[in-house]
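To keep things clear, I will list the structure first and then write my remarks on it.
Just so you know, residue 1 is the first one in the sequence shown, and it goes up from there. These numbers were taken from a predicted model, which means no experiment stands behind them. Because only heavy atoms are used, hydrogens play no part in the values below, and waters and symmetry mates are left out as well, while side chains stay in.
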Amino acid sequence: MGTEDNYQIAPLEMAIVLMSVIIGVGILTIPRGLTAAIDSPDGWISIAISGIIFMILIYLYVRLQQQYPGQSFFSYLEQGKLGKWMANLMLISFIVYFISLLAFEARVLAFVVKMYLLDRTPSEVLAAIILLTTTYAVTKGVQGVVHLSLMFLPITIFLVVILLIANLPNIEIERMLPVMGDGVMPVIQGVSEISLSFLGIEILIFWMMYMKKPDLRAFPLNIAIGFITLIYIATFIIVVSLLGVEGTQTITFPTVESVKEIEVPGAFFERLESLMITIWLMTIFNTMAIAELITLQIVTSTFRLTNKGLVLAIITFITFIIAFIPVSIAELFTFADWIGWLGVSLFCTSIMVGYLTVWFRKQKRNSQMPRGM
């Protein structure tokens, strides 16, 4: 894969894009998924540990990208015969991953909007509308999608923080006690459960080629991961403190339900969950637009296709079909677990293959240098 234009992404822009793509479905599902998996209020510790693990993964990938500035990981890999074969295999795997992620996000969006906003509108119509909207955004290219993230994310973060603070008077913090009362094993189990909620860092593999060499630093990206971790922890603590462990386990989207507990003085505003869903739509729109654009880039470069409009239409159609393969919410969340593990596996494999390739090529270059030099 090579760069499509001369657009350069600044470190702050990349940090915001990273936050935009990570905060998707996770902010609505983390409390239920974690409490159901570990049956304990200690999920916030699992979130903190997961945040640190993903910071380490980002640091490792940024160090790797510094070896080939201005190129994508796959362009660098394709410079060798074995690497070219490996790159094609991994690119096809990433196509499967991104289309699955797109389908999952579209289906969850349709489910949530139907449940809380438009209960008489068919899910197929809702999913088709969001896919057509993100497809239009994708036609604006990398710069257009990045600027959409810059526009939407500050609004989303501001309103999420306001809603979390507004719920503080209602929480019962004793529901979070005792800390690690069931030992360390539930916490470790929670770390594996939360992988999907931090996915999105794999965009670095495809978009860090748009950054200048001096800008290839892990610090601003890890600040973004740290901020997301704090948002996730605050959301988990407030939701579990409000609904309890058992209540959080049984509600499909407990974050939305927790917003209903907010009481506005004078009752000027009602149905605040509608506001929560509205700002969440902006976040998931960013996530889907970025995933769809990267899918388009991979497909056109791997199979050397020039008709991007046709490719985009095919991607959208396949995504729509896959979105409705799960027939229940339980199957949908099982589907999400598989996507999470596939994403983590692909990112970790990319790092491992990248470091091995850099090491092998350095060894080969040193062996070819004349002795005495």
Side-chain angles (χ1 to χ4, degrees), residues 1-10 12-25 70 72 74-75 91-92 94-110 113 124-156 199-200 202-211 278-324:
M1 293 179 65
T3 53
E4 294 180 343
D5 47 46
N6 296 321
Y7 178 61
Q8 298 280 338
I9 301 179
L12 179 61
E13 290 178 329
M14 182 57 84
I16 290 176
V17 168
L18 195 61
M19 292 173 68
S20 297
V21 76
I22 290 177
I23 302 177
V25 175
S72 76
F74 293 103
S75 297
L91 282 168
I92 292 172
F94 268 110
I95 291 171
V96 173
Y97 164 71
F98 278 116
I99 288 180
S100 301
L101 181 63
L102 258 176
F104 169 71
E105 302 268 355
R107 182 65 186 277
V108 171
L109 181 141
V113 172
E124 291 82 358
V125 174
L126 296 171
I129 289 173
I130 187 65
L131 282 171
L132 290 174
T133 310
T134 54
T135 299
Y136 176 73
V138 167
T139 61
K140 304 303 176 186
V142 175
Q143 188 173 2
V145 172
V146 169
H147 287 179
L148 280 175
S149 298
L150 298 179
M151 184 170 64
F152 286 164
L153 189 73
I155 301 171
T156 304
L199 280 181
E202 62 279 358
I203 68 165
L204 300 178
I205 296 175
F206 300 93
W207 280 12
M208 286 201 85
M209 64 181 177
Y210 294 107
M211 299 181 73
T278 303
I279 60 176
W280 174 74
L281 286 175
M282 292 191 289
T283 303
I284 205 164
F285 173 82
N286 282 335
T287 304
M288 292 180 64
I290 292 169
E292 191 170 355
L293 178 55
I294 293 176
T295 308
L296 175 67
Q297 291 176 323
I298 299 173
V299 172
T300 52
S301 64
T302 303
F303 299 103
R304 302 185 187 285
L305 302 175
T306 56
N307 191 339
K308 292 184 179 180
L310 178 61
V311 173
L312 203 48
I314 294 172
I315 291 172
T316 305
F317 178 73
I318 294 174
T319 301
F320 182 82
I321 297 297
I322 294 175
F324 288 93

ask   = Yes or no on side-chain contact (heavy atoms from CB on, under 4.5 Å) for Leu281 and Val113, after CA distance, side-chain angles and deciding distance?
value = CA-CA 9 Å; Leu281 286 175; Val113 172; 3.9 Å; yes
task = May I have the step-by-step check of side-chain contact (heavy atoms from CB on, under 4.5 Å) for Phe152 and Thr283, ending in yes or no?
result = CA-CA 7 Å; Phe152 286 164; Thr283 303; over 6 Å; no
ask   = What do the steps show when you test Leu312 against Tyr136 for side-chain contact (heavy atoms from CB on, under 4.5 Å), and what is the final call?
value = CA-CA 10 Å; Leu312 203 48; Tyr136 176 73; over 6 Å; no
query = Side chains of Ile322 and Arg107: does their closest heavy-atom pair fall under 4.5 Å?
reply = no
ask   = CD1 of Ile99 to CZ of Phe94: how many Å apart, nearest 0.5 Å?
value = 13.5 Å
ask   = Should Ile203 and Val17 count as side-chain neighbours, where that means a heavy-atom distance under 4.5 Å?
value = yes
ask   = Is there a side-chain contact between Gln297 and Trp207, using heavy atoms and a 4.5 Å cut-off?
value = yes
remark   = Between the CG atom in Leu12 and the CG atom in Leu150, the distance rounded to the nearest 0.5 Å is 7.5 Å
inquiry  = So Val146 and Tyr7, do their side chains get closer than 4.5 Å, heavy atoms only?
reply    = yes
query = Between Glu202 and Phe98, is any pair of side-chain heavy atoms under 4.5 Å apart?
reply = yes
inquiry  = Please report the interatomic distance CG(Leu296) to OG1(Thr135), rounded to the nearest 0.5 Å.
reply    = 9.5 Å
inquiry  = Looking at Thr287 and Ser20, would you say the former's side chain and the latter's main chain have a donor-acceptor pair under 3.5 Å?
reply    = yes
ask   = Should Ile23 and Asn286 count as side-chain neighbours, where that means a heavy-atom distance under 4.5 Å?
value = no
note = Rounding to 0.5 Å, atoms CD1 (Ile95) and CD1 (Ile315) come to a distance of 8.0 Å
key: Close side-chain approach of Val142 and Ile9, heavy atoms under 4.5 Å   = yes
remark   = Heavy-atom nearest pair, Asn307 first then Leu310, reads OD1-N, 3.2 Å
task = Test side-chain contact (heavy atoms from CB on, under 4.5 Å) on Met288 and Leu131 and set out the steps.
result = CA-CA 8 Å; Met288 292 180 64; Leu131 282 171; 3.8 Å; yes
query = Roughly how far, to the nearest 0.5 Å, is OG1 of Thr319 from CD of Glu105?
reply = 11.5 Å
message = Counting C-beta onward and ignoring hydrogens, is there a side-chain heavy-atom pair between Leu109 and Trp280 closer than 4.5 Å?
response = yes
inquiry  = Treating Thr302 as the side-chain partner and Val299 as the backbone partner, does any N or O pair qualify as donor plus acceptor under 3.5 Å?
reply    = no
Gap between atom CD1 of Ile314 and atom OG1 of Thr295 - 0.5 Å precision = 13.5 Å
query = For Ile290, does its backbone N or O pair with a side-chain atom of Glu292 as donor and acceptor, under 3.5 Å?
reply = no
